[in-house]
Amino acid sequence: MRTRSLPSGPRLPSGHPARPVRPVLVYDGDCAFCTAALRFGERHVRPRCESEPWQSADLAALGVTRERAEHEVLWVTPVGTVYGGAQAVAKALLSAGGPWAVAGALLTLPPVRWVAHLGYRLIAANRHRLPGGTAACAVIRPGNGHGHAAG
């Protein structure tokens, strides 16, 4: 997995960046926990994708909203299909091949998929409390006025 800036590179006649050739993993670059998880994945899992923090990604070119990118990690395929949360993690694992692909495949099957979704939401809601988490990782809840929308 390589981190790169998506707006540079091939452009469509309209001037918008062309869709990426490889899938793109969009994550929260302001969240230390999210960034640490991404770096772990780069070193150990090695998914076949680009990675881009949502804060510097051309979200419109990827076909996602800022609200969705703030809410969960996203896996955007070259044809524009978007997977979020635990299913984005599953797609990253599947792309890595080997034993990681087995784990990714399991995450796509009910009831494992349902448990993975609940686990992802629990981690996202508490990422500021996890190792590597900071106040910037906190989830916005009605009335608390700080952090991001989710993880």
Side-chain angles (χ1 to χ4, degrees), residues 1-98 100-101 103-109 113 116-128 130 132-142 145-151:
M1 173 171 31
R2 294 184 328 198
T3 303
R4 71 177 179 102
S5 178
L6 293 175
S8 62
R11 298 185 95 62
L12 299 174
S14 65
H16 289 16
R19 285 238 179 251
V21 176
R22 291 166 38 118
V24 179
L25 186 70
V26 180
Y27 67 99
D28 186 347
D30 287 343
C31 174
F33 175 78
C34 300
T35 302
L38 177 85
R39 298 296 173 240
F40 175 87
E42 289 176 334
R43 284 189 312 273
H44 302 289
V45 179
R46 298 185 180 167
R48 293 176 183 95
C49 66
E50 305 294 334
S51 61
E52 182 76 12
W54 70 259
Q55 292 86 348
S56 61
D58 185 343
L59 298 176
L62 292 172
V64 299
T65 64
R66 177 182 171 153
E67 292 76 24
R68 179 134 190 227
E70 287 178 336
H71 181 69
E72 59 190 353
V73 65
L74 301 171
W75 179 269
V76 184
T77 69
V79 296
T81 305
V82 180
Y83 299 89
Q87 291 309 294
V89 173
K91 293 295 183 182
L93 293 170
L94 282 163
S95 78
W100 296 110
L106 288 173
L107 289 176
T108 67
L109 301 174
R113 179 182 180 138
H117 173 75
L118 292 173
Y120 182 89
R121 297 290 6 125
L122 181 66
I123 290 170
N126 293 287
R127 64 189 183 162
H128 62 289
L130 298 171
T134 65
C137 302
V139 176
I140 295 175
R141 290 189 177 87
H146 68 280
H148 294 294

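Values below: every heavy atom of this structure, side chains too, minus hydrogens, waters and symmetry copies. Index from 1, following the sequence.
One finds the SG atom of Cys31 at 9.5 Å from the CD atom of Gln55 (value rounded to the nearest 0.5 Å). A distance of 4.5 Å separates OH in Tyr27 from CZ in Arg39, rounded to the nearest 0.5 Å. Atom CZ of residue Arg46 and atom CH2 of residue Trp100 lie 11.5 Å apart, to the nearest 0.5 angstrom. If you take CG on Leu94 and OG1 on Thr108, they are separated by 6.5 Å, rounding to the nearest 0.5 Å. Distance check: Leu74 CG to Lys91 NZ gives 14.0 Å after rounding to the nearest 0.5 Å. With rounding to the nearest 0.5 angstrom, the CG atom of Leu122 is 13.0 Å from the CZ atom of Arg127.
Judged by distance alone, with hydrogens and angles left aside, the side-chain atoms of Gln87 form no donor-acceptor pair with the main-chain N or O of Val82 at under 3.5 Å. In this structure, the side chain of Tyr120 does not engage the main chain of Gly84 through any donor-acceptor pair within 3.5 Å.
Between Ser51 and Leu38, the shortest heavy-atom distance links the atoms CB-CD1, 3.8 Å. Of all the heavy atoms in Tyr83 and Arg68, the pair that sits closest is C-NH2, 3.9 Å. Of all heavy-atom pairs spanning Leu62 and Val76, the tightest one is O-CG1, 3.6 Å. The two residues His71 and Arg121 have their closest heavy-atom pair at O-NH2, 3.2 Å.
In this structure the side chain of Asp28 never reaches within 4.5 angstrom of the side chain of Phe33, judged on heavy atoms.
Of the candidates Ser95, Pro47, Cys49, Cys49 is the only one forming a side chain to side chain contact (heavy atoms under 4.5 Å, CB included) with Leu25.
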Next on the checklist: Please determine whether side-chain contact (heavy atoms from CB on, under 4.5 Å) holds for the pair Leu107 and Leu93, giving the CA-CA distance in whole Å, both sets of side-chain angles, and the decisive distance to 0.1 Å.
Outcome noted: CA-CA 9 Å; Leu107 289 176; Leu93 293 170; 3.7 Å; yes
